[in-house]
Amino acid sequence: MKKLLSLISILTLTALQDLMAQCAMCRTTIENNVSAGETALGSGLNFGILYLFVTPYLIIAVLAFLWYKKSKENAKQNTALRFTKS
């Protein structure tokens, strides 16, 4: 499990370097606003992109962890049942 979490962390951190890009129209709007001295819109847009990127992967990771935990509990119960039946 630790290896899986490490792999997910490494992949997420390497992907974060490339996430500061927008579509052409958004990029033009942001550049115009930044040149006018307005930086809040650009940082808000980048945060929104990161939020939309991370959320599905976070949900999948939580579900995978819960599935893994439940399967371990079931395996432990099945092992205990085998020994009690013998």
Side-chain angles (χ1 to χ4, degrees):
M1 185 65 186
K2 289 182 181 180
K3 289 181 182 180
L4 178 64
L5 289 176
S6 298
L7 179 63
I8 291 172
S9 299
I10 290 170
L11 290 175
T12 303
L13 290 175
T14 56
L16 286 177
Q17 296 172 356
D18 298 327
L19 290 178
M20 297 302 172
Q22 298 94 17
C23 67
M25 291 179 68
C26 296
R27 186 176 179 101
T28 304
T29 304
I30 298 303
E31 286 177 355
N32 288 339
N33 285 341
V34 169
S35 66
E38 222 177 288
T39 59
L41 183 63
S43 63
L45 184 62
N46 280 334
F47 180 74
I49 291 169
L50 290 174
Y51 178 76
L52 290 173
F53 171 75
V54 171
T55 303
Y57 293 106
L58 186 60
I59 291 170
I60 290 170
V62 168
L63 291 176
F65 174 73
L66 293 174
W67 173 77
Y68 175 78
K69 189 175 175 183
K70 185 69 172 174
S71 68
K72 283 293 192 180
E73 288 175 7
N74 287 340
K76 195 180 284 187
Q77 287 176 354
N78 289 340
T79 305
L81 286 175
R82 279 190 225 144
F83 288 123
T84 57
K85 287 183 179 180
S86 299

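Of all the heavy atoms in Tyr57 and Phe53, the pair that sits closest is CD1-O, 3.1 Å.
A donor-acceptor pair under 3.5 Å is formed between the side chain of Ser71 and the backbone N or O of Tyr68.
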Show, in sequence, the C-alpha distance, side-chain angles and deciding distance for Glu31 and Val34, and conclude whether the side-chain contact (heavy atoms from CB on, under 4.5 Å) test is met.
CA-CA 5 Å; Glu31 286 177 355; Val34 169; 5.8 Å; no

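Remark: Leu66 CG to Leu63 CG distance equals 6.5 Å, nearest 0.5 Å.
Under the 4.5 Å side-chain heavy-atom criterion for Ile, Leu, Val, Met, Phe, Trp and Tyr, Leu50 and Ile60 are members of distinct hydrophobic clusters.
In this structure, the side chains of Lys76 and Lys72 stay at 4.5 Å or more apart for every pair of heavy atoms.
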